[in-house]
Amino acid sequence: MKTVVLKFGGTSVGTVDRIKKVCKIIAFYKNNKNRVVVVASAMSGVTNELVNKSKLISNNFDKAEYDALVSTGEQVSCALIAGRLKNNGFKSRSWTSWQLPILTDGPHSSARICSVGIKELNKYIKFGGIPVITGFQGVSNDFRITTIGRSGSDATAIMLAKFIKADECIIYTDVDGVYTTDPRQYKKAKKIKKIFYDEMLEMASLGSKVMQPTSVQDAKLNKIDIKVKSSFVAKSGTLITASKKIFSNQIITGISSTKNDAKITIVGVRDRPGVAASIFRPLSKNLINVDMVVQNISQNGKETDLTFTIKSEDLKKTERLIKKNKSISYKKLSFDKDLSKVSIIGVGMITTPGITYRMFQALASKKINILVISTSEIKISVLISSKNVKKAVAVLHKEFKLD
Ligand code: ADP
Ligand code: ASP
Ligand code: MG
């Protein structure tokens with residue numbers, strides 16, 4: 001008998017009818033003699049609504065209350081799923097994070113799951129029950145409700161699969177797998193049959209929201225294979241798994257893009273040890289995520305220019321922090337908004353020379369100006385104007401034979 005964890009995302013449980021459909025999928029696994037554990041997200045739109053309400057109540061809404069608030073959506077969907085399963089003759093009940101408990105470490109709104117209490121769960125499963133567990137939420141050492149970052153139900157499913165030693169972990173969503181690029185943005189995107197953790201991690205971190213980045217990292221660390229499938233159509237999905245070092249001749253596996261990036265350039269900062277740290281210290285303290293960083297080579301050995309990117313929503317705060325930072329001096333500050341990062345990702349890059357050139361050449365052929373470049377072993381990212389993203393994805397998709 002196999003144990004399967006089935007995770008259903010927001011759109012999959014978005015309406016009462018969708019919940020009824022999802023219960024048919026759960027019944028299929030149960031009727032085929034599997035032990036079934038369900039993880040669910042909030043009905044689509046609910047978490048966003050709760051976040052908006054917190055902003056209307058306060059500009060500086062308490063972090064612990066934020067988690068208590070935004071985690072409620074999952075309790076609703078799980079109760080509805082369990083209620084429907086019972087209606088259909090199955091033994092089922094919902095579980096919230098503190099009832100198991102799902103223990104977390106780290107700050108409110110971006111905690112990480114460190115353990116899952118499985119004693120009661122195992123008993124319940126053994127006697128034929130189908131537990132339906134709230135994704136996204138946990139409980140801290142001091143018994144406060146926590147959440148584990150937006151889209152966190154993916155990570156809940158993976159950590160549950162780890163702790164109950166599941167044979168399979170299936171992420172049911174509104175697309176039938178991981179595609180070479182977002183299939184809703186680019187019609188020629190192709191479904192990927194199998195993708196390695198590292199590639200998926202890069203794609204997810206670089207903007208492919210089909211999987212939450214932390215969840216892919218958890219899967220990699222714990223060697224949990226993930227299947228991504230559609231809850232809308234019965235089709236084969238994508239397997240996310242460990243690299244077996246057998247590379248196909250596919251060089252690039254996927255293309256990701258982001259929205260709402262902003263760029264800051266500080267012109268004429270002193271070229272001395274510790275200057276970059278002085279610039280980024282207050283940003284880090286204020287939880288502003290700095291992404292790409294480029295420092296020019298100093299012409300005179302005294303001064304240099306530093307460019308970095310952040311999310312547009314952090315631009316005002318960042319500007320304020322830099323202007324009141326007494327430990328740095330500079331000649332000029334400049335800002336740019338409406339930028340996007342477009343990235344090509346693939347383990348095949350490691351063994352194939354000339355990829356950077358091909359990427360830049362393809363973008364140049366469409367007259368797309370590159371503002372910042374960053375690379376790792378398996379990805380190349382460029383910062384461009386957001387208005388060129390569609391064009392860039394299309395030309396790169398074609399160049400690397402993904403069409
Ligand atoms: P869920 O609510 O099920 O967690 P998400 O909205 O988080 O679903 O993720 C699914 C969405 O991810 C799809 O609707 C799709 O538009 C988007 N997406 C972005 N990049 C990709 C990609 N490379 N492959 C598949 N889907 C992608
Ligand atoms: N409901 C949460 C969110 O919208 C978690 C999730 O969907 O995975 O971020
Ligand atoms: Mg998701």
Side-chain angles (χ1 to χ4, degrees), residues 6-15 18 22 25 39-52 54 66-67 69-78 97 102 109-111 113 133-138 146-160 170-193 195 199-216 226-233 235 237-238 240 252-259 342-346 389 393 396-397 402:
L6 310 176
K7 180 257 167 176
F8 297 95
T11 340
S12 299
V13 296
T15 61
R18 288 299 316 154
V22 151
I25 298 176
V39 174
S41 297
M43 296 167 84
S44 58
V46 168
T47 313
N48 283 346
E49 251 173 56
L50 294 166
V51 171
N52 289 341
S54 78
Y66 171 92
D67 281 352
L69 174 73
V70 302
S71 59
T72 55
E74 272 68 15
Q75 188 168 334
V76 174
S77 53
C78 287
S97 58
I102 297 176
S109 82
S110 57
I113 296 176
I133 297 158
T134 50
F136 184 46
Q137 54 167 277
T146 56
T147 59
I148 58 172
R150 293 304 305 269
S151 302
S153 305
D154 293 339
T156 308
I158 282 145
M159 293 308 272
L160 258 162
I170 308 176
I171 304 290
Y172 275 99
T173 182
D174 56 7
V175 278
D176 62 336
V178 179
Y179 277 67
T180 48
T181 193
D182 188 344
R184 296 194 197 283
Q185 301 299 326
Y186 186 62
K187 292 288 165 253
K188 289 184 187 163
K190 289 274 173 321
K191 187 159 65 184
I192 303 169
K193 271 196 185 147
I195 182 167
E199 294 174 315
M200 190 67 242
L201 189 54
E202 291 279 14
M203 280 185 73
S205 321
L206 294 165
S208 299
K209 74 179 267 240
V210 61
M211 287 297 300
Q212 187 216 27
T214 314
S215 74
V216 183
I226 310 167
K227 275 189 192 152
V228 181
K229 295 184 82 158
S230 165
S231 70
F232 289 72
V233 287
K235 280 190 179 169
T238 298
I240 307 173
I252 299 304
T253 304
I255 302 172
S256 300
S257 62
T258 60
K259 286 185 198 131
V342 173
S343 311
I344 56 172
I345 298 118
V389 169
V393 169
L396 294 170
H397 208 268
L402 299 173

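Both counts, for ligands and for their atoms, begin at 1 and track the order of listing. Note that these values count all heavy atoms, side chains included, but never hydrogens, waters or copies made by symmetry. Each residue takes its place number in the sequence, starting with 1.
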Checklist entry - Going through the checks in order, is the salt bridge (charged side-chain N to carboxylate O under 4.0 Å, His left out) test met by R18 and D174? => result CA-CA 11 Å; R18 288 299 316 154; D174 56 7; over 6 Å; no
Checklist outcome for this item: Taking only non-hydrogen atoms of M203 and a 4.0 Å limit, the atoms of ligand 1 in range are 23 (N)
Item to check | Minimum-distance protein heavy atom relative to atom 25 (C) of ligand 1 | outcome: G177 O, 3.4 Å
Next on the checklist: Does ligand 2 come near enough to K7 that some N or O of the ligand is less than 3.5 Å from an N or O of the residue?
Outcome noted: no
Checklist outcome for this item: With heavy atoms and a 4.0 Å threshold, my read on which part of Q212 contacts ligand 2 is neither
Item to check | Within-shell test, K7 vs ligand 1, heavy atom, strictly < 4.0 Å | outcome: yes
Checklist entry - What is the nearest protein non-hydrogen atom to atom 27 (C) of ligand 1, stated with its residue, atom name and distance? => result V210 CB, 3.6 Å
Next on the checklist: Among all the protein's non-hydrogen atoms, which is closest to atom 3 (O) of ligand 1, and how far away is it?
Outcome noted: T173 OG1, 2.6 Å
Checklist entry - Which one of S77, S44, A155, S153 has a non-hydrogen atom at the shortest distance from atom 8 (O) of ligand 2? => result S153
Checklist entry - Should one rank T11, V13, D174, T253 by closest heavy-atom distance to atom 10 (C) of ligand 1, which comes out on top? => result D174
Checklist entry - Can you check whether T47 has an N/O within less than 3.5 Å of an N/O in ligand 2? => result yes
Checklist entry - Does ligand 1 have a heavy atom under 4.0 Å from the side chain of R184, from its backbone, from both, or from neither? => result side chain
Item to check | Atom indices of ligand 2 within 4.0 angstrom of S151 heavy atoms, with elements | outcome: 3 (C), 5 (C), 6 (C), 8 (O), 9 (O)
Item to check | Pair H397, T180: side-chain N/O donor-acceptor within cut-off below 3.5 Å | outcome: yes
